[in-house]
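Here is the structure we will look at, set down as structure tokens.
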There are 2 protein chains.
Amino acid sequence: MVETSRRREIEDAASSLFHEHGYAGTSVREIARALDIQGASLYAHVTSKQDMLWSIVVRTADRFEAAADAALAALGDSDSDADSDPDSDSDPDVKRSPDPGSRLTALVRAHVGVVTEDIGQASVFVHEWRSLSASHRAEIGRRRDAYEHRLRAVIRDGMERGDFAATDPTAAAAFILTALNGLVGWYRPGGRLKPGALADLYAALALRAVRHLDEVTQ
Amino acid sequence: MVETSRRREIEDAASSLFHEHGYAGTSVREIARALDIQGASLYAHVTSKQDMLWSIVVRTADRFEAAADAALAALGDSDSDADSDPDSDSDPDVKRSPDPGSRLTALVRAHVGVVTEDIGQASVFVHEWRSLSASHRAEIGRRRDAYEHRLRAVIRDGMERGDFAATDPTAAAAFILTALNGLVGWYRPGGRLKPGALADLYAALALRAVRHLDEVTQ
DNA sequence: CCTACCGATCGGTAGG
DNA sequence: CCTACCGATCGGTAGG
């Protein structure tokens, strides 16, 4: 569909401008200029400025959730998907999840991957949700909460197993998640640190932040 | 001076609205309405909307820097101020600074204190610098760099002394600093976690993030 | 701190 | 995707 690819070009231009100047600080005409068309011509493809923001935010939320799902599924975590891996040789009644350290590492690497893959979209998702309409904001709020809850559950699990240091799971999850999201403020594609190296560094920092000092898992 | 306190009221109203809706998303008339005056009446006290933003940002930058200075000075760090503490009994030629772990803890606690003390101002400082005019943005950029450099220096020092794990000091400082700044997105005065408890939790998380696993300093 | 007002720009529509 | 245009709102000024 031609329409779909043009729509994608518009959202790409919009997300990079929203990233630079914010949603409220970007005019519809600036988005149009980046595409070399007239401001009014944009409305042949989108119904409103809010429509563009909403598409970008939803698509990015999808990407974050899919990446987290895939990362946990690759570990053989039966909680991460509706149907568990039939090749798994673990007894589902005894220990259904891999160790919390591995799960935390997987979640952090997945999150960093999504951010570095498209810094503009990730930045809009992280910063511009305040500009969403009330109902859209509420919907994204629920999805964010569920996403953060998953990280919190890993930390709580690690604490209960004694792998992680005693801390406040809510504060620890917020600390780590905001650090990961903070990447949108300083990561630059083509910079000194490549996405893979950043994922390694951030996974190590996040894991150490919650892990017991006397653990020598890595 | 009456004028100064009225000016402060205006900046308080502005920072809380900038915090909620962003600089570009807040109109001068909305700020005026919060003060129960007409939009045009604001210009008896400020010269422009940008002028309000700049005052808030400068004042908050001052607070962050002063808090960090005081925190390090209280440890007896001779680098933290122009004139060193005459009561200090440490030999300035051998080891002029306290251990990196204490310095990191002090900086984190100071930062969290500034954020929790006025979440609106801190939020504007963290999020709205993109809305500053070019020259103002450049000036704040330099001050932010210097502030972050100080944190980086502590981390590098800790690595060289062997107290901290091998990591990338730039990435580690950014990780920690963005986690601290992320507080403006979820800290709420009067919430479950009080400023003191938050400072303790965040200091522990930041310290563990960079510290060697086999260290048992705390 | 007010009323009255300014030019510029905003998001969006009509009609092709 | 264009030209032409809309009402609303923007930051800010004049003059009191």
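Source: prediction; values computed, not measured. Lettering follows sequence order; numbering is per chain, from 1. The analysis underlying the following values was restricted to heavy atoms, covering all of them including side chains, and did not include hydrogens, waters or symmetry mates.
Considering A:Asp51, A:Ile10, A:Leu35 in turn, A:Ile10 is the only one that fulfils the side-chain contact (heavy atoms from CB on, under 4.5 Å) rule with A:His45.
The separation between B:Ile10 atom CD1 and D:dG11 atom P is 15 Å, rounded to whole Å. Between B:Ile37 atom CD1 and C:dT3 atom P the separation is 12 Å, expressed in whole Å. Nucleotide D:dC10 holds its P atom 13 Å from the CG atom of B:Leu17, rounded to whole Å. Atom CG of A:Leu42 is separated from atom C1' of D:dT3 by 15 Å (rounded to the nearest Å). Per the geometry, NE2 belonging to A:His45 stands 12 Å off C1' belonging to D:dC2, to the nearest Å. Rounding to whole angstrom units, CZ of residue A:Arg33 and C1' of C:dG11 are separated by 15 Å. Between the CH2 atom of A:Trp54 and the P atom of C:dG11 there is a distance of 20 Å, rounded to whole Å. Rounding to whole angstrom units, CD1 of residue A:Ile31 and C1' of C:dC10 are separated by 12 Å.
Ion pairing between a basic and an acidic side chain is recognised when a charged N comes within 4.0 Å of a carboxylate O; A:Asp62 and A:Arg143 show such pairing.
Checking C:dC2, D:dT3, D:dG11 against the side-chain heavy atoms of A:Gln38 singles out D:dT3 as nearest. When each of D:dC1, D:dG11, C:dA4 is scored by its nearest atom to the side-chain atoms of B:Ala40, the top-ranked nucleotide is C:dA4. Of the candidates D:dG12, C:dC1, D:dC1, the closest approach to any side-chain atom of B:Tyr43 belongs to D:dG12. When distances run from any side-chain atom of B:Lys49 to the nucleotides D:dG12, C:dC1, C:dG11, the shortest one goes to D:dG12.
With a 3.5 Å ceiling on both atom-pair distances, the Watson-Crick or G-U wobble partner of D:dG16 is C:dC1. Across all strands shown, D:dC10 forms a Watson-Crick or G-U wobble pair with C:dG7, both key distances being under 3.5 Å.
With no hydrogens or angles considered, a side-chain donor-acceptor pair links B:Gln121 and B:Arg63 at under 3.5 Å.
Summarising the local packing, CH2 of A:Trp129 is surrounded by 12 or fewer heavy atoms from other residues, nucleotides or ligands at distances under 6.0 Å.
Checking A:Ser48 against B:Arg29, the closest nucleotide of DNA chain C that is more toward the 5' end is the one next to B:Arg29.
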- Check step by step if ring pair (Phe, Tyr, Trp, His ring centres under 6.0 Å) holds for A:His19 and A:Phe125. CA-CA 9 Å; A:His19 171 38; A:Phe125 180 78; over 10 Å; no
